[in-house]
Amino acid sequence: MTEMDWKELTKAREERAKIIAGSRGLPEAAAQGKLEQFQDVTLNEAVVLGLLNQGVRKFFAVFGHGSTDLGEVLRVYQAAGAVQVYNLRSEIEASHAASLLRWRFNEYSAVVTSIGPGALHAFSASLVGQSNGLGIYYLFGDETTHNEGPNMQQIPKREQNLYAKLTDVMGKGYTLTEKQSVFTALKWAWTITHDPAGERPFYLLLPMNVQSSLLKACNLLELPSPSHIPKQSCGDELQLKEAAEQLSGYRKVTVKLGGGAAGVSQEQLRKFLRAAGAVCVHSPHLSGCLPYEDPLQMTVGGSKGSLSGNYAMEHCELAVTIGARGVCQWDSSGTAWKKAEKVISINTRAEDALQYNRTIPLIGSAELILAQLTELLDEPQEEYTQWQLDCMVRKEEWNRHKQQIYGVEKLFDEKWGREVLTQPAAIKAAIDFADSVDAVKLFDAGDVQANGFQAVEDRHLGMTITDTGASYMGFGVSALLACAAADAPKYGIAFSGDGSFLMNPQVLLDGAYVSLHGMILIFDNRRMSAISNLQIAQYGTDFATDDTVAVDYASLAESFSGVKGIFAGYAKKDLEDALREAYDFPGLSVVHIPVYFGAGEGSDLGVFGSWNVGNWCEGVQAEKHKIGL
Ligand SMILES: Cc1ncc(C[n+]2csc(CCOP(=O)(O)OP(=O)(O)O)c2C)c(N)n1
Ligand SMILES: [Mg+2]
C-alpha cells in the first residue's frame, strides 16, 4: 500500500471509530444506517471490531515489532474513546491485571504482546486464567506466513505453527494465517472465553505479514455479535434421587467447595447444609463462601488447611464436592478423604466430576443442583446434628490456636539482628486493616499466601483473591492494576513477599502511570521462606532459597514519582500507623514490613494435611492408593 493509501485508510478508520464510539456498538450503528455495512478494513481492525462486539474495551499491552500495526489500530480507536489501552512494562504483569479484571470485576479484556519473548511471558502468566477459569483474550504477534527466513524472536526452528502448537498444549487458540478466517476465529474466542462449563483464556495468533492485509468490502455484520450462552442444568432425576438417598443415609457429610463453586449463593449453600446435616469446607480462593463466623463454616481445608477444615474432610463418610478439580493441595494429594465411603460431585465438566471413584456425578450449574437436591431432602429434625457439633468444637480449637500464634507477635531474627514481627502477626494486622476499610486483599505466592488464606475471616466472596491454582509469584502486585482499570475502581491491598515482589516490581511505575490508588505490602524475611520451610520439613535443612542482600523497599518505592514508600518498623502498633498513613496517601503506596524467619513457635499458622512432593511422595502415594478414591 502506498503512503497515500495509508492516509486514506486511516481517515476512513478514524471516521468508523468515531461512529462506533458514538453508538452502542457496531451492530447498532449499522442498523441505524450510520455505518456502511461493507467496508475495506484491515485484519487487525476487524479483530478490534470483533472484540468490541464481545464487550472487550480494555487492552493491556507491551508493543513490539510484532504488534505495531495493532497498536496503530488501537491508537485510532482510543482517540475516538472506543477502547482504553494500558501500556505496561511486563507482559506477565499485563496478563495478571487482565486476570483480576475478569476475576474480581467481571470485565473481559485483552492482553497484547509482540512475537517471541513477550508472547511467551504472557503465555506463561495465562496459567492463572487457565487454572482459575477466567475468560481472557490474548493477542500475540506471530511469525510471517511466508517464512521467508527465520523471523527475529520466533522459536528458532525451521518449522511451521510453533506457537499454535504451544497454545494448543495450554488451551485453545487460532492462527490468523488467512484473513477471511477472522470471523471463525472470533466465534471460537467467544465460546472459549464465555464457556459456561468453565471459561478459559483464548489465544489469537497474528502473523506479522497478515495483520495489515485488507479485507475488501468486509461485511462488518459478519463479525460475530455473540449472544449469551445459557448455563447447563442437571435435570437428571435418577442421579438426583440417588444422591438424595445417599445424603439421607449418612450422618457425617462434608461439602467442599472449589473455584467452580463461586456462583453458589450463601443462602442456597446454607439451606443445603442444614438439610443434609453437613458442614462446609472451602479451597483458599472461596474464602467467604459462607461468612467465616457461620457455625457451619469449617474454613479452608487441604495440604496447608486448618484444624477444622481438615477434620471435616478427614472424618466425613460422605463428601460432596462442588466445582472442584482435585488439585493436589485441595485434597492433600488424594489423602484428605480418609473415611469417605461415597462422593457426590457437582461440576459443569464430566472429567472433573469424575475425579474420584465411588462418585455420583451431577453435571450442571451448582446453584441449581443444590436447590434440586435440597428439595428432595427432609426438613432437619434438630438445630444441629452431632457431626456438625463435633466439627464446631474443632473450629473453636482452630480459632484459639490462631489467637495463640498471633499473640507471639515478635521473635528474634538472625538476619535482621533484632526482634521483628512474625509473619502471622503482621499479616493478621494487615488483614484487619484491609477489612476495616473494605479493601480487596490480593495475595502473592509463598508463606505470605499460605498464612494469608489461613488467617482471612471473610464475610463474602471477593474480599480475598488468592491464586492458589497457579500460585504465580508476582500475581498480587501486578493484579493490583485492575483495581484502577475497572469500570468501578476499588481500593486494593497486595500482600507480597520480598521474593514475589521482586519478580514484578514494574508495577511501581505502571501503578503511578495509571493513577492507581492502592497499597503494596512487602513482608520481608529476606528469603523465599515457603521453599526454605518445605526443604527443612523434608530434608532437615534449607538450600539456595535465601539471600544476604538488604533492600530498602521504602526508598525504592519513593524513587518512582507519585509512589509513597513507608518503613513499617518492628512493632504491631507501628505497622498499624504505617497502614493508615499508606491508605491516606492518594496514590500507590508501599509498606515495607520486616518479618521473622525461623523455627520459633509462632512463626506460621501450621500445616495440617499431606502433599505428594519431595521425599513425602512414597508415604502419601501409599495412603492415596489405600484410600482408593
Ligand atoms: C513464578 C514462580 N516461581 C517460583 C515459584 C515457586 N515458589 C513458591 S513460593 C516461593 C517463595 C516465595 O517467596 P516470598 O515471596 O519471599 O514469600 P515467603 O515465602 O518468603 O513469605 C517460590 C520460589 C512460584 N510459585 N512462582
Ligand atoms: Mg520472603
Side-chain angles (χ1 to χ4, degrees), residues 90-96 99 120-132 284-285 303-304 327-329 405 411 413-416 420-428 430-431 441-455 466-480 494-507 520-538 542-551 553 568 590-600 602-607 611 613-614:
S90 152
E91 297 84 358
I92 291 177
E93 179 198 28
S95 177
H96 291 335
S99 297
L120 282 179
H121 273 180
F123 181 62
S124 128
S126 73
L127 271 174
V128 175
Q130 295 288 1
S131 304
N132 294 287
H285 46 328
S303 294
K304 245 321 217 183
V327 172
C328 59
Q329 288 216 342
I405 301 284
L411 288 169
D413 182 89
E414 277 174 26
K415 263 200 200 153
W416 285 94
V420 295
L421 287 169
T422 64
Q423 209 183 79
I427 284 179
K428 172 68 173 150
I431 286 172
K441 306 181 288 290
L442 309 174
F443 284 89
D444 256 309
D447 277 343
V448 174
Q449 181 173 44
N451 283 316
F453 68 63
Q454 289 174 313
T466 186
D467 158 38
T468 46
S471 205
Y472 211 117
M473 289 170 79
F475 169 75
V477 291
S478 302
L480 201 54
F495 291 60
S496 192
D498 49 315
S500 296
F501 174 74
L502 284 177
M503 284 212 182
N504 283 88
Q506 58 291 115
V507 68
I520 291 172
L521 307 177
I522 302 172
F523 298 89
D524 182 12
N525 48 18
R526 291 197 186 151
R527 64 165 61 230
M528 304 209 182
S529 77
I531 310 304
S532 310
N533 280 326
L534 204 54
Q535 292 169 327
I536 292 166
Q538 291 175 348
D542 63 306
F543 174 66
T545 47
D546 75 341
D547 63 80
T548 52
V549 183
V551 180
Y553 291 100
V590 173
V591 182
H592 180 195
I593 312 162
V595 288
Y596 168 83
F597 169 79
S603 64
D604 67 23
L605 286 163
V607 177
W611 200 9
V613 293

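We count ligands from 1, going down the list as the structure has it; atoms in each ligand are counted the same way. Here the structure is a predicted model, which is why all the values come from computation and not from measurement.
The nearest pair of heavy atoms linking S95 to A122 is OG-O, 3.9 Å. Between G452 and I431, the closest heavy-atom pair is O-CD1, 4.1 Å. Of all heavy-atom pairs spanning F475 and D444, the tightest one is N-OD1, 2.8 Å. Between L442 and G476, the shortest heavy-atom distance links the atoms CD1-O, 3.7 Å.
Below 4.0 Å from some heavy atom of S500 lie the following atoms of ligand 1, by number and element: 14 (P), 15 (O). For ligand 1, the atoms sitting less than 4.0 Å from at least one non-hydrogen atom of M503 are 1 (C), 3 (N), numbered in the order shown with element in parentheses. Less than 4.0 angstrom separates some heavy atom of G499 from each of these atoms of ligand 1: 14 (P), 15 (O), 16 (O). Close approach of ligand 1 to G497 (heavy-atom distance below 4.0 Å) involves ligand atoms 14 (P), 15 (O), 16 (O), 17 (O). Counting atoms of ligand 1 from 1 in the listed order, those under 4.0 Å from a heavy atom of G446 are 9 (S), 12 (C), 19 (O). Per-residue contacts place D498 under 4.0 angstrom from the following atoms of ligand 1 (heavy atoms of the residue considered): 16 (O). Close approach to V448 involves these atoms of ligand 1, each under 4.0 Å from a residue heavy atom: 21 (O).
Of the N or O atoms in A530, one or more lie within a sub-3.5 Å distance of an N or O in ligand 1. Residue contacts with ligand 1: Y472 is placed with no nitrogen or oxygen under 3.5 Å of a nitrogen or oxygen of the ligand (distance criterion only).
Using a 4.0 Å cutoff on heavy atoms, Q449 does not count as a contact of ligand 1. A heavy-atom separation below 4.0 Å is not found between D444 and ligand 1.
Residues Q506 and N504 bring a donor and an acceptor atom of their side chains to less than 3.5 Å of each other. Judged by distance alone, the side chains of N533 and D604 never bring a donor and an acceptor atom under 3.5 Å apart. Side chains of H592 and D524: a donor on one and an acceptor on the other come within 3.5 Å. Side chains of Q423 and S603: no donor on one and acceptor on the other come within 3.5 Å. No hydrogens or angles considered: nothing links the side chains of D542 and S532 as a donor-acceptor pair under 3.5 Å.
By the side-chain hydrogen bond (donor to acceptor under 3.5 Å, both in side chains) test, S124 pairs with Y472, sequence neighbours left out. By the side-chain hydrogen bond (donor to acceptor under 3.5 Å, both in side chains) test, T422 is found to be paired with no residue, residues two or more places apart in sequence or in another chain being considered. Judged as a ring pair (Phe, Tyr, Trp, His ring centres under 6.0 Å), and not counting sequence neighbours, F597 has no contacts.
The shortest contact between atom 25 (N) of ligand 1 and any protein heavy atom is with S471 O, 2.7 Å. The nearest heavy-atom contact from the protein to atom 20 (O) of ligand 1 is S529 N, 2.8 Å. Nearest protein heavy-atom neighbour of atom 11 (C) of ligand 1: M528 CB, 3.4 Å.
The tally of protein N/O/S atoms under 2.8 Å from the Mg ion (ligand 2) stands at 3.
Of the options M473, R526, R527, the smallest heavy-atom separation from atom 4 (C) of ligand 1 is shown by M473.
The part of I531 lying near ligand 1 is the side chain, judged by heavy-atom distances below 4.0 Å.
A salt bridge does not link D498 to R527: none of the charged side-chain nitrogens sits closer than 4.0 Å to a carboxylate oxygen.
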